[in-house]
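Reviewing the structure listed below.
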Amino acid sequence: MKDVTGLVVFVLTVLVGRAGGIEPTSEFCIGTQCFTVFQEPSDFSAAQIQCGDQGGHLMTVRSTVSHDILHILLGNWTGRFWIGLHLPSGCPDAAAVLKGFQWVTKDSGSDWFNWAPSFDSSCSSHRCVSVSQEDDLKWTQQPCEERADGFLCEYSFSDSCKGLTVAEGETVTYRTPMGFVGEDVLSLPPGSTAVRMPAKTKYVCSSEQWLQAPWSCEILQGGCEYKCAVPPNNVPSCYCPPGQIINPANKVTCEASAEDPCLSLRCAHACYKKGDSYACMCDHGFKLARDGRSCTDFPDCRDKRLCTGENFKCVNVPGGFQCVCKDGYKRKDGLCVDVDECASAPCEHLCTNSPGGYTCSCYEGYKEDSKSPDKCKLHCGKEECAAECDPNDQFMCFCPDGYIADERGVQMVCIDIDECSSSYCDQGCKNTFGSYVCTCSAGYKLVEEFRCVKSSEGDGGAGVSGAGTTPNMPTGSAAPYPEPTRHPSVVTVGGLVGIIVCTVFVVVLVVFLAHRILRLGRGKKESAEGLKAPEGEAHGLQQLTSDA
């Protein structure tokens with residue numbers, strides 16, 4: 001069997017691109033190129049994407065030959081269709097070869113020009129080009145975001161096949177990987193299939209020649225009407241559902257059979273003739289189990305020849321495999337191209353794109369959060385640093401974990417906290433910037449980052465330590481709030497204000513008490529003098545009485 005690995009990759013690439021997509025209404029192939037028409041209303045960008053998903057691009061019309069192909073493709077269709085000509089930036093240049101426009105292939109070369117007389121060279125002119133049979137396929141400017149009636153795609157390939165020779169009374173129907181079906185073709189790309197009637201024999205184009213079915217089971221089920229399998233002789237073979245047998249003439253179609261020799265074997269998938277008897281075999285991508293009837297999935301991706309394209313990877317699926325792009329890549333124009341993850345802003349601070357991935361980094365004064373690599377948190381890394389303050393509120397300041405804010409004149413600073421002063425560790429403790437490390441004595445081992453437990457023999461737990469930027473704190477103790485490694489300034493602005501207020505309060509209190517004491521002393525003196533007055537009055541009265 002001829003090696004068809006390259007054909008497998010080509011066909012899979014095109015079929016994946018076509019998955020869920022639309023099929024062309026017209027196609028023309030010549031030499032190593034195919035051109036298709038899609039009657040699907042689309043804007044310019046969507047049209048280019050759909051062509052790219054099938055391994056091509058919007059059609060370029062650079063010669064009289066390609067212009068004639070336009071006439072063939074659009075001869076029976078009305079409406080406007082996008083071609084691959086646009087103005088990517090700037091203003092039209094009337095003196096340039098293509099008036100400043102470019103083909104979607106990013107070049108400006110062209111041997112053919114067919115601009116409409118209404119061409120607008122102003123900077124506000126429309127930037128994309130469409131053609132229509134109604135105006136003789138003139139290149140007409142049209143808004144890129146406007147939906148045309150369809151678009152034309154162009155595909156290039158190598159190792160094409162010419163049409164099969166047709167005998168009298170026969171017909172051959174072709175189908176290209178792009179989905180077009182027709183009979184009158186000049187050239188066909190690899191992966192195209194042909195069905196010769198009335199014999200119903202099938203062929204596939206590979207390396208400039210037609211291979212008759214059943215070919216490799218990896219390509220379109222080997223051309224089989226029902227299913228394809230590979231018996232022990234490694235020659236692809238078609239088989240049919242129970243009650244039917246393979247047509248011996250074309251070896252791909254199924255026909256009814258009165259006696260099916262495979263029924264009694266109760267094969268999970270199919271059977272084949274083995275000498276004078278029959279034996280079970282499995283679908284492609286499966287292998288026969290030990291019981292001789294059941295089938296198990298075969299890991300196709302072990303074959304390193306599969307999915308060898310740059311940035312492709314092979315994925316096993318039940319009964320086969322798929323060629324997909326590696327993580328960080330996406331399919332475009334039949335290739336796996338790097339995805340710029342930074343465009344979606346996945347990082348809190350800085351993002352650096354790289355092939356197949358990206359890297360987050362942080363601004364100065366921050367470091368990556370170990371619990372969430374896309375996030376950043378404050379970081380000092382020394383005994384004290386300037387606090388991070390809100391520019392609109394100088395009193396709203398923040399410090400890294402393990403630091404405490406201190407007012408230093410008009411500036412707020414962050415000072416490292418000495419956690420070791422708070423007895424967080426069972427035994428030894430070493431303060432670090434923003435954290436601390438617990439250690440244990442010989443014969444003990446550290447658990448839960450702060451507790452020391454007796455080591456069993458062979459543990460070798462002497463001096464075991466643990467550290468982290470946010471270590472687990474013990475929950476059973478009521479340790480006081482930790483003090484900073486280095487005490488803040490002796491008198492801060494707030495402290496000075498407090499001292500002044502307290503001093504004034506004390507002075508007022510002393511004056512008040514002194515005043516109170518003086519008033520009490522004066523009151524006692526007046527009371528004493530008042531008690532003597534009645535005695536004097538009595539003596540005076542007696543004197544008046546005796547004089548009388």
Side-chain angles (χ1 to χ4, degrees), residues 17 22 24-75 77-157 178 332-335:
I22 57 176
T25 53
S26 180
E27 181 172 334
F28 183 86
C29 296
I30 183 171
T32 58
Q33 288 184 303
C34 281
F35 305 89
T36 56
V37 176
F38 290 89
Q39 278 196 303
E40 176 74 10
S42 307
D43 60 31
F44 186 87
S45 178
Q48 173 67 351
I49 290 172
Q50 293 199 62
C51 288
D53 286 344
Q54 300 191 51
H57 54 75
L58 285 171
M59 183 177 177
T60 61
V61 190
R62 312 187 212 202
S63 65
T64 55
V65 174
S66 55
H67 178 71
D68 291 340
I69 293 173
L70 269 184
H71 273 289
I72 296 172
L73 292 171
L74 298 179
W77 306 109
T78 59
R80 304 210 62 82
F81 293 80
W82 294 117
I83 61 173
L85 188 60
H86 68 140
L87 183 66
S89 62
C91 302
D93 181 3
V97 176
L98 280 180
K99 298 184 183 295
F101 281 66
Q102 283 185 356
W103 298 111
V104 290
T105 52
K106 296 185 178 179
D107 60 271
S108 304
S110 188
D111 296 327
W112 172 259
F113 309 95
N114 198 26
W115 290 106
S118 59
F119 181 81
D120 182 2
S121 59
S122 68
C123 292
S124 59
S125 61
H126 303 318
R127 312 178 76 83
C128 293
V129 175
S130 64
V131 295
S132 172
Q133 193 69 257
E134 287 88 337
D135 59 11
D136 197 25
L137 304 178
K138 295 291 185 183
W139 297 354
T140 304
Q141 294 161 286
Q142 186 173 345
C144 300
E145 65 278 4
E146 194 170 284
R147 286 160 66 91
D149 299 291
F151 52 94
L152 298 107
C153 294
E154 176 182 330
Y155 313 88
S156 297
F157 49 87
M178 287 73 78
K332 182 178 180 181
D333 297 342
L335 304 174

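Only a predicted model underlies this, so the values are computations on that prediction, with no experimental measurement involved. By convention here, the first residue in the shown sequence is residue 1.
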Open item on the list: Quick one, Lys332 and Asp53 - any side-chain contact, counting heavy atoms below 4.5 Å?
Closed with: no
Name each donor-acceptor pair under 3.5 Å that joins a side chain in residues 86-100 to protein atoms two or more places apart or in another chain, with its distance.
from: Asp93; atom 1: OD1; to: Ala95; atom 2: N; distance (Å): 3.1

TODO: Please determine, by modelled atom types, if Asp43 and Ser45 share a side-chain donor-acceptor pair under 3.5 angstrom.
DONE: no
Task: Nearest atoms (heavy-atom pairs only) where Trp103 meets Met59 - done: CZ3-O, 4.4 Å
Task: Which atom of Phe113 lies closest to which atom of Ser110, heavy atoms considered - done: CZ-O, 3.5 Å
- [ ] Begin from the C-alpha positions of Val104 and Phe44 and carry the test side chain to side chain contact (heavy atoms under 4.5 Å, CB included) through to its verdict.
- [x] CA-CA 11 Å; Val104 290; Phe44 186 87; 3.9 Å; yes
Task: Residues that Gln142 engages under side-chain hydrogen bond (donor to acceptor under 3.5 Å, both in side chains), provided they are two or more places apart - done: Ser130, Glu146
Open item on the list: Run the salt bridge (charged side-chain N to carboxylate O under 4.0 Å, His left out) test against Arg127 and tell me which residues pass, sequence neighbours left out.
Closed with: none
TODO: Locate the shortest heavy-atom distance separating Gly79 from Glu134; write the atom from each residue and the value.
DONE: N-OE2, 3.3 Å
Task: Value rounded to 0.5 Å, distance of OG1 in Thr105 from CG in Leu58 - done: 10.5 Å
Open item on the list: When you compare the side chains of Glu40 and Ser42, does any donor N or O come within less than 3.5 Å of an acceptor on the partner?
Closed with: no
Task: Interatomic spacing from CG in Leu73 to CD in Glu27 - rounded to 0.5 Å - done: 9.0 Å
For residues 28-37, please give each side-chain donor-acceptor pair under 3.5 Å, one per line with the distance, not counting sequence neighbours.
from: Gln33; atom 1: NE2; to: Glu154; atom 2: OE2; distance (Å): 3.0
from: Thr36; atom 1: OG1; to: Tyr155; atom 2: OH; distance (Å): 3.4

TODO: Any salt bridge (charged side-chain N to carboxylate O under 4.0 Å, His left out) involving residues 101-117? Give me the pairs, sequence neighbours left out, ordered by first then second residue.
DONE: Arg62-Asp107
Open item on the list: Measuring from atom CZ of Phe81 to atom CD1 of Ile83, what distance do you get when rounded to the nearest 0.5 angstrom?
Closed with: 12.5 Å
Open item on the list: Rounded to the nearest 0.5 Å, what separates atom CG in Leu137 from atom CG in Asp68?
Closed with: 10.0 Å
Open item on the list: If you compare all heavy atoms of Gln133 against all heavy atoms of Leu74, which two are closest, and at what distance to 0.1 Å?
Closed with: NE2-O, 2.8 Å
- [ ] State, with a plain yes or no, whether a side-chain heavy atom of Cys128 is found less than 4.5 Å away from one of Trp82.
- [x] yes
- [ ] Mark yes or no for whether Ser122, through its side chain, and Asp120, through its backbone, hold a donor-acceptor pair below 3.5 Å.
- [x] no
Task: Over all atoms of both residues, closest heavy-atom pair of Asn114 and Asp136 - done: ND2-O, 3.8 Å
- [ ] Drop me the distance from Asp149's CG to Phe38's CZ, to the nearest 0.5 angstrom.
- [x] 15.5 Å
TODO: Taking the side chain as every heavy atom from C-beta outward, state whether Leu70 and Val61 have any atom pair closer than 4.5 Å.
DONE: yes
Open item on the list: Just verifying a value: how many Å separate Gln141 CD and Cys144 SG, rounded to the nearest 0.5 Å?
Closed with: 10.0 Å
Open item on the list: Using the ring-ring contact (aromatic ring centres under 6.0 Å, His included) criterion, which residues pair with Trp115? Sequence neighbours excluded.
Closed with: Phe101, Phe119, Trp139
